[in-house]
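Notes follow once the structure below has been shown.
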Amino acid sequence: MTAKDNPSLWGFGTTKTFKIPVEHLDFKYIEKCSDVKHLEKILCVLRSGEEGYYPELTEFCEKRLKGLAPESRALRKDKPAATASSFTAEEWEKIDGDIKSWVSEIKKEENKIHCHETETFPAMDNNLPPVRGTNSRLHVTKEKYSNSRRPKKKIPRDYAEWDKFDVEKECSKIDEDYKEKAVVKNKSHLSKIETRIDTAGLTEKEKTSLATREKEKGNEAFNSGDYEEAIMYYTRSISVLPTVAAYNNRAQAELKLQNWNSAFWDCEKVLELEPGNLKALLRRATTYKHQNKLQEAIEDLNKVLNVEPDNELAKKTLLEVERDLKTDPASKTQTKGKRMVIQEVENSEDEDGKDRRRAQEDGSGDKSKTSFLFWLCKNLPFYMMSWLKFSVSTKILSPPDFF
Amino acid sequence: MSAFEKPQIIAHIQKGLNYTVFDCKWVPCSAKFVTMGNFARGTGVIQLYEIQHGDLKLLREIEKAKPIKCGTFGATSLQQRYLATGDFAGNLHIWNLEAPEIPVYSVKGHKEIINTIDGVGGLGIGEGAPEIVTGSRDGTVKVWDPRQKDDPVANMEPVQGENKRDCWTVAFGNAYNQEERVVCAGYDNGDIKLFDLRNMSLRWETNIKNGVCSLEFDRKDISMNKLVATSLEGKFHVFDMRTQHPTKGFASVSEKAHKSTVWQVRHLPQNRELFLTAGGAGSLHLWKYEYPVQRSKKDSEGVEMGVAGSVSLLQNVTLSTQPISSLDWSPDKRGLCICSSFDQMVRVLIVTKLHKI
């Protein structure tokens with residue numbers, strides 16, 4: 001290789017790949033550089049070793065790049081698989097022991113299934129759904145992605161049929177067809193899943209694993225934000241085998257959807273099966289808080305803090321509940337009577353009423369009377385209606401008895 | 001995630017074989033697995049191994065007339081655990097590994113090699129009838145029911161006169177109730193087609209420009225959520241299958257990795273957001289998918305369209321210099337998986353710390 005072939009010897013000063021000036025392969029430059037793409041190129045050149053082997057510079061460049069863009073693809077290194085030597089003796093013991101115990105466990109399980117096989121074999125075949133339709137052929141054309149399938153058009157074959165051909169109607173039909181196709185039902189699956197699973201002929205072990213699988217599906221749906229789907233999978237899991245975990249998780253999903261009542265009942269179920277379950281107590285406290293049963297909420301939270309005094313969530317919720325209790329003790333007592341009757345709507349109305357009263361306290365003296373009257377006139381019809389409902393429900397105005 | 005919290009991929013057991021191995025699958029509810037391939041003399045082989053005392057013990061070796069390309073346990077019950085295989089001559093067989101002399105079911109399904117096979121409805125996964133789907137070099141994708149002899153239950157083939165493209169991969173999905181099911185097929189020209197088996201119609205198709213090597217739904221037995229498609233040229237795409245736009249189809253995110261063909265993708269059965277990809281340079285990458293804040297949004301005309309999330313690399317290792325042709329996670333033990341590669345090796349891997357993710 002002569003000097004002619006190697007441009008850097010001429011003093012052109014750039015690398016072969018990427019044409020980076022050689023001055024950039026330097027600690028000071030890399031420290032100051034914040035262009036991620038450029039750093040990636042520098043790292044590539046350093047790693048390839050074509051300008052020489054500089055391990056410390058390479059490491060420095062990697063650190064800098066990690067600081068700027070930890071997800072960068074250039075940081076991916078080929079490395080061999082880990083072996084026993086990559087772990088401490090303790091860790092390796094744990095991993096190895098885990099596998100060994102699993103292997104022996106699963107062998108025992110397998111032997112059990114093997115023994116059962118001859119007994120339960122005939123039962124399985126009868127429960128299967130029928131074979132899908134008749135042999136149906138689906139012709140696939142090599143259409144490009146943008147084309148959509150057009151329905152077959154009845155092309156008129158002679159003059160008589162052409163006379164009957166209504167151009168306007170056909171045009172509007174084509175438009176409609178397109179719109180129909182455009183409506184792709186995206187959430188229809190929720191209604192089509194069975195909420196109860198038929199568990200006929202399943203052993204205990206099978207039921208447990210089925211319930212666990214449904215619960216895992218529910219967990220996955222929860223983690224991706226599909227709370228209704230999560231609730232449905234938890235319901236399915238419970239229909240196979242009711243467990244504390246499934247009820248607890250369903251309560252949490254209901255809380256996310258703000259179904260306070262359903263969440264409450266799920267928490268109750270858990271506490272029936274396992275009194276003192278901390279998660280259930282916490283979640284029940286949250287349902288109490290949102291249903292304005294603040295005293296009960298405080299009780300539950302205190303129970304949790306007795307067992308786990310450092311529970312962050314319990315402490316936070318307790319603070320919020322105590323704050324709620326302090327700010328509006330008046331409204332609590334006033335609205336207790338109405339709450340019995342109008343459960344759905346009253347929350348928002350209450351909020352309104354509270355706000356108005358607060359504004360009143362802050363407002364100037366002169367305006368207070370008029371604003372109070374205004375408020376009364378606005379809310380009076382509502383109070384009348386609610387009183388009417390209340391009285392009807394308690395049979396004050398009962399129909400006269402005929403003797 | 002700091003280096004200590006990252007999952008580690010451990011090569012626990014490695015075994016050299018004396019034949020080319022194409023596929024390996026765990027036997028459900030056991031510490032056994034099968035490897036399938038062909039001997040140098042041109043015959044097919046299925047071997048059954050069991051993990052014993054930190055090493056592999058060969059329990060059974062079954063030799064058959066034609067080389068075996070792929071297999072699945074997906075359509076069998078937990079009690080029977082029959083293996084369905086596709087071979088180089090286009091035959092689909094279902095074997096009882098305890099009595100492998102005569103197949104339980106056998107049909108000459110295709111005119112050319114069966115490249116890929118998948119099963120659903122067995123093992124307690126997926127509602128509805130157990131079915132097997134095969135994809136072949138003759139361009140057709142056929143769905144079989146082991147209770148129906150000789151004829152497929154559904155047949156997806158190119159129209160007369162069209163060029164047939166090799167089907168390289170198939171996957172079942174959307175099997176959340178007895179009626180619904182979809183089959184997704186990937187072809188060598190980059191086509192991905194989604195067939196709805198309930199309506200017997202083509203629900204969606206797209207082209208990812210490079211041949212599709214492997215397709216998998218994140219879970220077969222839920223309403224289709226995500227689909228990962230891997231291809232040549234080191235790319236893979238993750239499609240969000242929850243929201244279909246009438247013209248734009250499904251939203252996707254793509255990632256470059258492996259610097260060569262991405263041969264396989266397998267989702268962790270215990271957590272659908274984690275998946276492993278296997279590459280042509282003998283490397284394995286473990287990925288995690290994160291959902292966007294909003295999974296769907298309205299486009300300029302007010303029609304719903306999906307929003308794809310992001311994929312991040314958790315760990316990567318290089319196991320060999322030859323492509324890793326097949327991967328399988330154990331359905332019973334989180335983190336245990338097997339992989340086979342073209343250097344005639346089968347490896348048992350342990351991936352740690354997956355429960356913490």
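Naming convention: chains lettered A, B, ... in sequence-line order (proteins, then strands); numbering from 1 in each chain.
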Please tell me if the side chains of [X] and [Y] come closer than 4.5 Å, counting only heavy atoms from C-beta onward.
{"X": "Glu110(A)", "Y": "Lys32(B)", "answer": "yes"}
{"X": "Thr318(B)", "Y": "Lys79(A)", "answer": "no"}
{"X": "Trp92(A)", "Y": "Ile10(B)", "answer": "yes"}
{"X": "Asn223(A)", "Y": "Tyr291(B)", "answer": "no"}

Please state whether the side chain, the backbone, both or neither of [X] comes within less than 4.5 Å of a heavy atom of chain A.
{"X": "Ala257(B)", "result": "both"}
{"X": "Arg219(B)", "result": "side chain"}
{"X": "Leu197(B)", "result": "both"}
{"X": "Ser310(B)", "result": "neither"}
{"X": "Lys256(B)", "result": "both"}
{"X": "Asp221(B)", "result": "both"}
{"X": "Leu319(B)", "result": "side chain"}
{"X": "Asp332(B)", "result": "both"}
{"X": "Pro130(B)", "result": "side chain"}
{"X": "Ile222(B)", "result": "both"}
{"X": "Ser30(B)", "result": "both"}
{"X": "Leu123(B)", "result": "backbone"}
{"X": "Glu98(B)", "result": "side chain"}

(message) By the definition side-chain contact (heavy atoms from CB on, under 4.5 Å), identify the one residue from Thr83(A), Asp96(A), Ile95(A) that meets it with His12(B).
(response) Asp96(A)
Could you tell me whether [X] atom [atom1] has more than 12 heavy atoms of other residues or ligands within 6.0 Å of it?
{"X": "Gln294(B)", "atom1": "CD", "answer": "no"}
{"X": "Glu59(A)", "atom1": "CD", "answer": "no"}
{"X": "Glu93(A)", "atom1": "CD", "answer": "no"}

(request) Mind ranking Arg213(A), Glu109(A), Lys100(A), Glu105(A) by heavy-atom pairs under 4.5 Å with chain B and telling me who comes out on top? (result) Arg213(A)
(message) Which one wins on heavy-atom pair count under 4.5 Å against chain B: Ala82(A), Ser104(A), Pro80(A), Ser209(A)?
(response) Ala82(A)
(message) As an exercise, state the distance from OH of Tyr176(B) to CD of Glu229(A), rounded to the nearest 0.5 Å.
(response) 10.0 Å
(request) Enter the distance from Ser283(B):OG to Asp78(A):CG here, rounded to the nearest 0.5 Å. (result) 6.5 Å
(message) How close do Ile51(B) and Lys107(A) get, counting heavy atoms only, and between which atoms?
(response) O-NZ, 3.9 Å
(request) Search all heavy atoms of Ser223(B) against all heavy atoms of Tyr233(A) and return the closest pair with its distance. (result) N-OH, 4.1 Å
Counting heavy-atom pairs closer than 4.5 Å to chain A, which one of [options] comes out on top?
{"options": "Glu180(B), Glu179(B), Arg81(B), Glu273(B)", "answer": "Arg81(B)"}
{"options": "Leu336(B), Thr352(B), Asp145(B)", "answer": "Asp145(B)"}
{"options": "Val141(B), Asn271(B), Val317(B)", "answer": "Val317(B)"}
{"options": "Lys333(B), Gln270(B), Arg181(B)", "answer": "Lys333(B)"}
{"options": "Gln315(B), Gln52(B), Glu255(B)", "answer": "Glu255(B)"}

(message) Assess, by modelled atom type and distance only, whether the side chains of Arg242(B) and Ser224(A) contain a donor and an acceptor separated by less than 3.5 Å.
(response) no
(request) Mind checking salt bridge (Lys or Arg N to Asp or Glu O under 4.0 Å) for Arg347(B) and listing every partner two or more places apart, or none if nothing turns up? (result) Asp343(B)
(request) Using the test salt bridge (Lys or Arg N to Asp or Glu O under 4.0 Å), find all partners of Arg295(B) that sit at least two apart in sequence or belong to another chain. (result) Asp226(A), Asp240(B)
